[in-house]
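Only heavy atoms go into these numbers, but all of them, side chains included; no hydrogens, no water, no symmetry mates. In each ligand, atom 1 is the first atom listed, and ligand 1 is the first ligand listed.
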Amino acid sequence: MITENIKQILTQIPNNVKLVAVSKTKPLADLEEAYSAGQRDFGENKVQELTEKFEHLPKDIRWHFIGHLQTNKVKYIAPFVHLIHSVDSLKLLNEIDKEAKKNNRVIDCLLEFFIADEETKYGLDLSDMDDFVGAQNFVPQRNIRICGVMGMATFTNDTEQIRREFQSLHQIFQVLKEKYFADQPHFCEISMGMSDDYRLAIDEGSTMIRVGSTIFGKRR
Ligand SMILES: *Cc1c(COP(=O)(O)O)cnc(C)c1O
């Protein structure tokens, strides 16, 4: 099933769009099956669950952190995490930089933007960016690399609303690219789209989709 689901999705999406298999709450056996099918990018949203899975699974897996990240937990994932999708404050960015430095590595990050009309979601808005840049240490930080943006659409059946929200994230990406990252080719990722809306997200410029239940089945 899992193998079939992955193949099915891969045939539907363009080559330049990366598939992150969101394996949160799922047992190791499910991840192993996906791994056998060739999947290498996995997404988790809890630090402890991520570190446990990291310990048990092959070391060529690229682990994506997609949940809300508390600064005091950065140290547990800093040695190995591939991409942190959910940077929503300068404080968190600085902490990631510090822990990356301790591990003698550069950690790739995405800035999470608030595009939904739900109070429960996290994220920056464009006006926060002046603080980021105003805080001198934005550009010179050497142990983090900002590779793009991430966002989650509202949980709704209104596809036009979802489409507008994805468009707004694409626009934010473009503004940032022009204003702050014009000379940085690695600033190229737009992480948007989940099981129910990844086709819409790709239409609107997604470069990375985060798909859980369509691969692994419903979560309890
Ligand atoms: C759980 C989760 C997903 C995957 O959701 P599905 O609807 O199961 O595909 C994607 N992104 C984030 C941030 C998540 O927390």
Residues 166-173, side-chain donor-acceptor partners within the protein, below 3.5 Å, at least two apart:
| from | atom 1 | to | atom 2 | distance (Å) |
| --- | --- | --- | --- | --- |
| Gln167 | NE2 | Glu204 | OE1 | 3.4 |
| Ser168 | OG | Glu165 | O | 2.8 |
| His170 | ND1 | Glu204 | O | 2.8 |

Under a single-linkage rule joining Ile, Leu, Val, Met, Phe, Trp and Tyr whose side-chain heavy atoms are separated by less than 4.5 Å, which residues share a cluster with Val22?
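Besides Val22, the cluster holds Ile66.
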Is any NZ, NE, NH1 or NH2 atom of the basic residue among Glu4 and Lys7 found under 4.0 Å from an Asp or Glu carboxylate oxygen of the other?
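Result for this pair is no, no salt bridge flagged.
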Under 3.5 Å donor-acceptor pairs involving side-chain atoms of residues 70-79, not counting sequence neighbours:
| from | atom 1 | to | atom 2 | distance (Å) |
| --- | --- | --- | --- | --- |
| Gln70 | OE1 | Lys73 | NZ | 3.4 |
| Lys75 | NZ | Asn72 | O | 3.0 |

Find all protein N or O atoms under 3.5 angstrom from an N or O atom of ligand 1 and list the pairs with distances, or write 'none'.
| from | atom 1 | to | atom 2 | distance (Å) |
| --- | --- | --- | --- | --- |
| ligand 1 | 8 (O) | Ser213 | N | 2.8 |
| ligand 1 | 8 (O) | Ser213 | OG | 2.9 |
| ligand 1 | 8 (O) | Arg219 | NH1 | 2.8 |
| ligand 1 | 8 (O) | Arg219 | NH2 | 3.1 |
| ligand 1 | 9 (O) | Ser195 | N | 2.9 |
| ligand 1 | 9 (O) | Ser195 | OG | 2.6 |
| ligand 1 | 9 (O) | Gly212 | N | 2.8 |
| ligand 1 | 11 (N) | Arg210 | NE | 2.9 |
| ligand 1 | 15 (O) | Lys24 | NZ | 2.7 |

Side chains of Gln48 and Glu52: is there a donor and an acceptor less than 3.5 Å apart?
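Note: Gln48 and Glu52 side chains meet the donor-acceptor criterion.
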For side-chain hydrogen bond (donor to acceptor under 3.5 Å, both in side chains), just list the numbers for Ser86 and Glu112, CA-CA rounded to whole Å, side-chain angles, deciding distance to a tenth of an Å, and then say yes or no.
CA-CA 5 Å; Ser86 43; Glu112 179 172 2; 4.7 Å; no
